[in-house]
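To start, the structure under review is shown below, and the notes come after it.
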Amino acid sequence: MTETSRLAPGDMAPDFALTTDTGETLSLKELRGRKVVLYAYPAAMTPGCTKQACDFRDSLASLQAAGYEVVGISPDKPAKLAQFRERDALTFPLVSDQDKSVLTAYGAYGEKQLYGKTVTGVIRSTFVLDEEGRVERALYNVKATGHVAKLRKDLGLD
């Protein structure tokens with residue numbers, strides 16, 4: 001498999017229009033004028049992804065107060081995302097990228113190390129986008145635990 005190209009600060013974020021956990025369509029264009037934290041995670045309702053989603057949920061008020069919208073993206077089907085939202089009282093949109101085209105465009109799908117083996121899958125990543133849809137930060141291979149706290153600190157929210 002070829003190396004996935006990664007985004008860098010200053011790049012325009014690839015646009016998308018994906019189905020949400022509520023069955024509606026959310027596009028990046030709809031979020032223009034607001035700062036966006038788009039985070040890619042491998043699978044809903046797994047321990048690490050649950051921890052990360054709950055950390056974003058618990059930090060949502062302060063992120064929104066600073067002008068950030070949070071969106072989670074994974075290859076899960078919308079119905080599974082809805083279960084995830086309900087089970088963990090998530091209060092931000094989750095979008096479904098079942099064909100992984102958006103994850104690939106963001107460099108968040110490809111080869112990664114998992115328990116010492118090279119596998120192909122979602123690379124846990126976070127993208128901070130400005131009001132025009134330009135990448136301010138592209139963070140790859142982030143940890144599920146502690147990542148939101150570090151992001152908040154890096155964004156000057158703590």
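The NZ atom of Lys80 sits 9.5 Å away from the CZ atom of Arg87 when rounded to the nearest 0.5 Å. Atom OG of Ser59 sits about 9.0 Å away from atom CG of Leu151, to the nearest 0.5 Å. Once rounded to the nearest 0.5 Å, the distance linking CG of Leu139 with OG1 of Thr126 reads 6.0 Å. Rounding to the nearest 0.5 Å places CZ of Phe84 at 7.5 Å from CE of Met45.
With contacts defined as side-chain heavy-atom distances shorter than 4.5 Å, the pair Leu103/Ile123 does not qualify. Between Arg124 and Cys49 the shortest side-chain heavy-atom distance falls below 4.5 Å. Taking 4.5 Å as the limit, every side-chain heavy atom of Arg137 sits out of range of all side-chain heavy atoms of Phe127. Residues Val135 and Met12 are not in side-chain contact: their nearest non-hydrogen atoms beyond the backbone lie 4.5 Å or more apart. Residues Phe16 and Ile73 form no side-chain contact, since every pair of their non-hydrogen atoms from C-beta on lies 4.5 Å or further apart. No side-chain heavy atom of Thr25 sits less than 4.5 Å from a side-chain heavy atom of Thr20. In this structure, the side chains of Thr50 and Asp88 come closer than 4.5 Å at one or more pairs of heavy atoms. Side-chain contact between Asp21 and Val95 is absent, with no heavy-atom pair separated by less than 4.5 Å.
Across all their heavy atoms, Ser74 and Tyr41 have their closest contact at CB-O, 3.2 Å. Across all their heavy atoms, Pro75 and Pro42 have their closest contact at CD-O, 3.6 Å. Nearest heavy-atom pair, Tyr140 versus Ser125, reported as atom, atom and distance to 0.1 Å: CD2-OG, 3.3 Å. Among all heavy-atom pairs drawn from Gln98 and Asp76, the shortest one is CG-O, 4.1 Å. Of all heavy-atom pairs between Val122 and Lys112, the closest is O-NZ, 2.6 Å. Between Lys143 and His147, the shortest heavy-atom contact is O-CB, 2.9 Å.
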| field | Worked verdict on Glu111 versus Val119 for side chain to side chain contact (heavy atoms under 4.5 Å, CB included) | value | CA-CA 5 Å; Glu111 288 186 353; Val119 298; over 6 Å; no
| task | Please lay out, stage by stage, how Gln113 and Thr118 fare under the test side chain to side chain contact (heavy atoms under 4.5 Å, CB included). | result | CA-CA 5 Å; Gln113 292 296 310; Thr118 300; 2.6 Å; yes
| Taking it one step at a time, do Val102 and Tyr109 satisfy side chain to side chain contact (heavy atoms under 4.5 Å, CB included)? | CA-CA 9 Å; Val102 176; Tyr109 185 82; over 6 Å; no
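Between Phe56 and Tyr39, the ring-plane angle classifies as parallel under the 30° and 60° cut-offs.
For the residue pair Arg85 and Thr22, no side-chain donor N or O sits within less than 3.5 Å of a side-chain acceptor on the partner. Remark: the Glu24 side chain and the Thr19 side chain contain no N/O donor-acceptor pair separated by less than 3.5 Å.
Taken together through direct or relayed side-chain contacts under 4.5 Å among Ile, Leu, Val, Met, Phe, Trp and Tyr, Leu7 and Leu38 form part of one hydrophobic cluster. In the hydrophobic clustering of this structure, Leu31 does not group with Phe92; members are Ile, Leu, Val, Met, Phe, Trp, Tyr whose side-chain heavy atoms approach within less than 4.5 Å, directly or through other members. In terms of hydrophobic clustering, with Ile, Leu, Val, Met, Phe, Trp and Tyr side chains grouped at heavy-atom distances under 4.5 Å, Leu81 and Leu18 are assigned to different clusters. Linking Ile, Leu, Val, Met, Phe, Trp and Tyr residues whenever their side-chain heavy atoms come within less than 4.5 Å places Leu63 and Leu94 in a single cluster. Val70 and Leu26 end up in different hydrophobic clusters when Ile, Leu, Val, Met, Phe, Trp and Tyr side chains are linked at under 4.5 Å.
Between the Gln64 side chain and the Ala61 main chain, no donor and acceptor come within less than 3.5 Å of each other. Distance alone, capped at 3.5 Å, is enough to place a donor-acceptor pair between the Asp99 side chain and the Ser101 backbone. No donor-acceptor pair closer than 3.5 Å links the side chain of Asp58 to the backbone N or O of Asp55. Of the possible polar contacts, one joining the Arg134 side chain to the Gly10 backbone as a donor-acceptor pair under 3.5 Å is found. Of the possible polar contacts, one joining the Arg32 side chain to the Glu132 backbone as a donor-acceptor pair under 3.5 Å is found.
A salt bridge is defined here as a Lys NZ or Arg NE, NH1 or NH2 lying under 4.0 Å from an Asp or Glu carboxylate O, and Lys35 with Asp130 fails to meet this definition.
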